[in-house]
Structure formats: C-alpha cells, structure tokens
Amino acid sequence: MTDAGRAAGTTAPALKRLHVITWGCQMNVYDSGRMADVLAPLGYAPVSEPEGADMVILNTCHIRDKAAEKVFSELGRLRKMRDAQDNRMILAVAGCVAQAEGKEILARAPYVDIVLGPQTYHRLPEMVARAARAGGAVIETDFPAEDKFDHLPEAAAPQGVTAFLTIQEGCDKFCSFCVVPYTRGAEQSRSAATVIAEARRMVAQGTAEISLLGQNVNAWRGTAPDGSTWGLARLLRELAAIPGLKRLRYTTSHPRDMDDDLIAAHGDLPALMPFLHLPVQSGSDRILAAMNRKHTADDYRAIVRRLREARPDLALSSDFIVGHPGETEADFEATMQLIRDVTFPMAYSFKYSPRPGTPAAGAPMQVPDDVAHRRLLTLQALLREQQDRFNANCVGLTIPVLFTNPGRDPGQIGGRTPWLQAVHVTGPQSLIGTEQPVLIEAAMTNSLAGRLLDHPSQERRSA
Ligand code: 5AD
Ligand code: SF4
C-alpha cells in the first residue's frame with residue numbers, strides 16, 4: 001500500500017450533520033440513538049436543528065390519531081428547508097408509519113430519499129450509500145431474516161445516569177386495537193449474554209439506573225450463556241448483581257406474562273424499583289375479551305395483590321383506553337372501579353383511535369366521539385386525584401433520590417424517587433449520579449421539592 005493509500009484509509013470521513021426527529025415511545029427514542037450510532041462511522045454527527053443538516057431522519061409513531069397526516073405535514077416543512085439550503089439533505093422516514101405506509105409515503109412525498117421500517121435500522125449505512133448513488137428513493141420495510149439485534153452496534157457514547165436498554169421487540173398478542181404486531185413484527189429477544197455485556201459496559205461508563213425496554217418486555221426469553229433459556233426474572237437477578245448498578249426497571253409488560261418467578265423477583269431484588277408499568281387497558285371483562293387481552297379484571301387484581309405481597313411499597317402505572325367499540329356506560333364504570341380498587345399514582349389514558357387494518361377498526365358499535373371524550377375526562381380526573389394523593393403522602397417522608405440533572409434554578413439539582421417522581425433540591429452538581437436521602441417538603445402534581453439530609457451545608461439557613 002502506498003503512503004497516500006494508507007493515509008486515505010485512516011483519515012476520518014468529513015463531518016456530516018445528522019438531525020433525528022423522534023416521535024412516540026421510548027423504543028423510538030432508543031432506536032433513534034442506535035440509528036445515530038450506525039451512521040457515526042460514515043461521519044455523521046448529531047445536531048440539534050434540522051437547518052443545514054446533511055441528513056434528517058423522521059422517526060415516526062403510528063399508535064394513535066392522525067399519524068400519517070402529521071408525517072406529511074412535517075415532511076412538507078423539511079422539504080421547504082431542504083430546497084432553501086445549499087448542501088444536499090438526505091431525507092429519511094423511519095419508524096412505524098414508515099413500516100405501515102411506506103409505499104404511500106413515496107407516492108405522496110416522492111422527494112423522500114429513504115423509507116425504512118424498524119427492523120432494518122442496521123442496514124441504514126448501505127441505504128444511505130444507495131440513496132447517494134440512486135436517482136430514486138430507497139425503501140426497506142421487509143422483516144429481514146437476520147436479527148437486527150445482532151447487527152446493531154452497541155451504544156457509542158456513555159448513556160447518562162439513567163438509561164434505556166432494549167432487550168425485546170415486537171408483539172405476538174394482537175390486541176384488537178393495536179398496530180404494533182403489524183409494524184414491529186413478531187416477538188424477538190436479545191440473548192442474555194449481549195444484554196449483560198451491554199449493561200456492564202453502561203454501568204462502567206457511569207449509568208446507575210437501567211430500564212429494560214421491550215414492547216412486551218416480560219415476554220423476554222433469552223438464550224443463557226450455558227445454552228438454557230432464561231425468562232425475565234432470571235435476567236433481572238443477573239443484572240441486579242452488577243456492582244455499581246443501583247436501580248433496575250423494565251417496561252412495558254403484559255399481565256399475561258407476569259409469571260411466579262417475576263413476581264418473586266420484586267420481593268427478592270432491592271435494586272428492582274417498586275414501580276411497575278402494567279397496562280390493563282380496561283376494567284370490564286366484556287371489553288377485555290373484545291380487546292383480545294386474554295385476562296379478566298380480577299386476574300389483574302390478583303396479580304397486583306401478589307406483587308404487593310412480594311413488595312409492599314409497589315406502585316402501579318397503567319395505560320387505559322376509553323371508547324373501545326362496544327364499550328357501554330357499565331363497562332366504563334367497571335374501569336373506574338378497577339382504578340379505585342388498585343390505585344395508580346401515574347397512568348396514561350387515551351381515547352380509542354381506530355387504526356386501519358386492526359380488528360377493532362371494523363367492529364360494530366363504535367362509540368360516539370363526544371361520549372368517549374366525556375369518559376376520558378372523567379377517568380383522567382380520577383387518575384389526577386390519585387396522583388395528587390400519592391404525591392401529597394410523600395411529604396414528610398425521607399426518600400432515596402437518584403440525582404440525574406442540574407435543576408431549573410441555579411444551585412438546584414433534580415432526580416427521581418423509586419416511584420419515578422421528579423424531585424428538586426438545593427444541592428451541589430457533584431451529587432449528580434449518586435443516590436441521596438431527601439426529606440420531601442412539598443408536593444406538586446408533577447414533581448416534589450425536598451431537602452438533602454446528609455448535607456447540612458445545604459440546609460436552608462432560615463430553617
Ligand atoms: N387507540 C388508543 N390507544 C391505543 N393504544 C394502542 N393502540 C391504541 C389505539 N388504537 C394505547 C394502549 C397502549 C399504549 C401504548 O397506547 O393503551 O398500551
Ligand atoms: Fe399492542 Fe397489545 Fe401488543 Fe401491547 S400487547 S403492543 S397493546 S398488541
């Protein structure tokens with residue numbers, strides 16, 4: 001090899017600006033990070049604005065409402081920006097709208113260069129090369145035979161004090177209302193060895209809290225280093241033993257996959273935080289059956305009871321849908337009763353939104369919009385009351401807070417309780433990354449304020 005050749009081989013590619021717009025769930029946030037990672041060797045570095053970018057990726061969400069319309073309006077805006085700038089901007093649409101409506105995107109927005117579904121992100125560098133060469137657009141929305149998890153690089157940069165780690169993707173449950181089984185494909189799990197190795201690396205780089213991610217994370221079944229198959233509980237036990245890892249969480253779970261070992265793990269593992277997002281969707285057995293959830297409201301109550309026996313301070317969060325086809329006033333009241341029985345200090349609630357291609361979209365007895373809207377407001381008022389009460393009950397308690405970021409006001413730092421409430425205190429930045437006991441002094445709806453206990457110098461002088 002000549003000197004010139006050797007030099008060319010080792011010279012870093014010219015810096016290109018990459019802007020990623022992320023809509024939707026934590027899985028998309030994680031995927032956006034991985035897309036940036038696969039593009040890094042091509043010289044792409046993330047920038048916070050689309051103006052002047054060499055490539056913009058729109059990572060889309062298809063779960064509710066006017067998903068496609070929102071995509072087309074954003075693409076129109078980006079196209080104008082691209083037309084106004086000197087350098088060429090590669091425009092890519094990723095995520096679940098790309099998967100579900102890829103062909104329609106290219107028909108209606110032929111100026112888009114790349115359309116890629118969530119299973120194909122590892123092929124992005126090759127698609128970028130093809131888009132640079134080709135006159136036309138590149139589209140990849142098949143579910144490839146190779147496992148995306150085996151081909152994506154690990155997270156390049158340190159992930160921060162709290163970080164997500166995707167261990168499972170896809171869904172085999174086919175709830176009547178949901179597009180995820182169609183857009184994300186069948187359930188797939190990453191092997192235990194790769195998850196453990198990545199978790200260790202994250203902790204070595206300063207991560208103190210890991211949230212395991214998956215569309216059906218508690219359906220995770222991984223090949224263990226000894227060739228046997230582990231469930232999520234076994235994986236959690238292994239991860240909890242990593243020195244320096246203070247907190248573990250997992251989301252999102254399905255009630256059907258809460259097995260005995262997983263429930264027991266909540267009692268056995270102090271690092272597993274006492275807060276679980278376990279969507280129930282409805283409290284009516286009739287609607288749960290129509291939703292194809294394959295469990296009853298009492299099954300859910302029983303799981304919660306057993307979880308609380310294992311971990312008495314466990315708090316629950318859930319997703320609720322009101323106005324699913326066929327939902328009567330009595331069905332809605334059953335959901336309200338379930339909320340009163342279980343209590344949810346945090347929850348997400350949605351008005352049912354018909355998704356093309358899902359069974360519920362064609363079902364008879366669609367609920368009128370004004371009825372669904374009224375039910376949503378009633379349900380949200382109850383959830384808000386429960387959240388306020390939960391937060392108010394924290395006042396006067398000393399709670400361990402993991403500090404993650406500087407606060408809004410100078411001299412403040414912010415963090416999270418085990419129950420994911422945001423907390424602000426006056427304190428030094430040096431505590432970011434550590435867990436400290438905090439005396440909670442005030443509760444707002446979305447956050448708590450408190451005082452550091454172990455740092456007398458931080459105590460208010462007026463106290
Ligand atoms: N309409 C309303 N909400 C939905 N969700 C999923 N699909 C729909 C839909 N078609 C909600 C569910 C799910 C959460 C991620 O989004 O509650 O748990
Ligand atoms: Fe959608 Fe149901 Fe699968 Fe959750 S379990 S992703 S709601 S189909």
Side-chain angles (χ1 to χ4, degrees), residues 23-31 60-68 70 95-97 99-101 118-119 166-189 213-220 232 250-258 276-284 287-295 297 299-300 303 316-327 331-332 335 338-339 344 346-363 366-369 371-373 375-377 379-380 383:
W23 292 337
C25 63
Q26 290 303 340
M27 187 75 82
N28 265 13
V29 175
Y30 185 87
D31 284 346
T60 60
C61 172
H62 203 245
I63 198 95
R64 285 174 295 272
D65 297 332
K66 304 182 178 71
K70 199 171 150 200
C96 291
V97 179
Q99 183 64 43
E101 307 197 30
Q119 305 308 320
T166 294
I167 64 165
Q168 183 280 338
E169 201 179 336
C171 180
D172 298 339
K173 303 286 191 295
F174 290 92
C175 296
S176 61
F177 50 83
C178 186
V179 287
V180 166
Y182 310 96
T183 57
R184 292 273 172 172
E187 287 175 3
Q188 259 188 51
S189 296
L213 272 189
Q215 256 109 25
N216 262 281
V217 75
N218 59 342
W220 181 87
L232 182 62
Y250 60 93
T251 195
T252 290
S253 294
H254 195 294
R256 270 160 62 195
D257 294 315
M258 290 307 300
L276 180 64
H277 184 61
L278 188 63
V280 65
Q281 313 294 355
S282 168
S284 152
I287 295 301
L288 286 169
M291 286 176 162
N292 193 32
R293 296 286 293 178
K294 297 202 170 81
H295 65 81
D299 292 337
Y300 187 85
I303 292 168
L316 271 295
S317 142
S318 175
D319 295 338
F320 295 96
I321 296 180
V322 299
H324 185 276
E327 187 188 72
D331 294 318
F332 174 63
T335 302
L338 181 84
I339 296 174
F344 295 92
M346 193 157 111
Y348 304 90
S349 47
F350 313 102
K351 195 161 67 174
Y352 166 72
S353 154
R355 304 283 76 208
T358 58
Q366 298 284 328
V367 175
D369 191 64
V371 174
H373 188 69
R375 287 179 190 163
L376 184 64
L377 295 182
L379 182 135
Q380 287 179 338
L383 289 171

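Every number for a ligand or one of its atoms is a count from 1 in the order of the listing.
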### Contacting atoms of ligand 2, where contact means under 4.0 angstrom from a heavy atom of Arg293
2 (Fe)
### Task
Using distance alone, with no hydrogens and no angle criterion, decide if His324 and Gln281 have a side-chain donor and acceptor under 3.5 Å apart.
no
### From CG (Leu278) to CG (Asp319), nearest 0.5 Å
10.0 Å
### Task
Identify, by atom number and element, the atoms of ligand 2 in contact range of Phe177, meaning under 4.0 Å from any of its heavy atoms.
7 (S)
### Task
Starting at SG of Cys96, measure out to CG of Asn28 and round the result to the nearest 0.5 Å.
6.0 Å
### Query
For Phe350, is the NZ or CZ atom of Arg64 found under 6.0 angstrom from the centre of its six-membered ring and inside 45 degrees of the ring axis?
yes
### Message
Check Asp369 with Lys351, please: is the shortest side-chain N to carboxylate O separation under 4.0 Å?
### Response
yes
### Message
Within the protein, is there a heavy atom lying under 4.0 Å from atom 4 (Fe) of ligand 2?
### Response
no
### Query
So, Asp31 and Arg184, do they make that salt bridge, N to O below 4.0 Å?
yes
For ligand 1, run through the N/O pairs with the protein that fall under 3.5 Å and put one pair on each line.
| from | atom 1 | to | atom 2 | distance (Å) |
| --- | --- | --- | --- | --- |
| ligand 1 | 1 (N) | Ser353 | N | 3.0 |
| ligand 1 | 10 (N) | Phe177 | O | 3.0 |
| ligand 1 | 10 (N) | Ser353 | O | 2.7 |
| ligand 1 | 16 (O) | Arg64 | NH1 | 2.6 |
| ligand 1 | 17 (O) | Gln281 | OE1 | 2.6 |
| ligand 1 | 18 (O) | Gln281 | NE2 | 2.9 |
| ligand 1 | 18 (O) | Asp319 | OD2 | 2.6 |

## Note on the structure
Which of Val322, Leu338, Leu288 passes side chain to side chain contact (heavy atoms under 4.5 Å, CB included) with Ser282? It is Leu288
## Note on the structure
Report for atom 3 (Fe) of ligand 2, protein N, O or S closer than 2.8 Å, by chain and number, lists Cys171 SG
### Query
Is a salt bridge present between Asp257 and Lys173, judged by a nitrogen-to-oxygen distance below 4.0 Å?
yes
### Query
Is Tyr348 atom OH crowded by more than 12 heavy atoms from other residues, nucleotides or ligands, each under 6.0 Å away?
no
### Query
Can you name the closest pair of heavy atoms from Glu169 and Pro118 and give their distance?
OE2-CB, 4.0 Å
### Message
Quick check against the 3.5 Å criterion: does Asn216 have a side-chain atom that pairs as donor or acceptor with the backbone of Ser253?
### Response
no
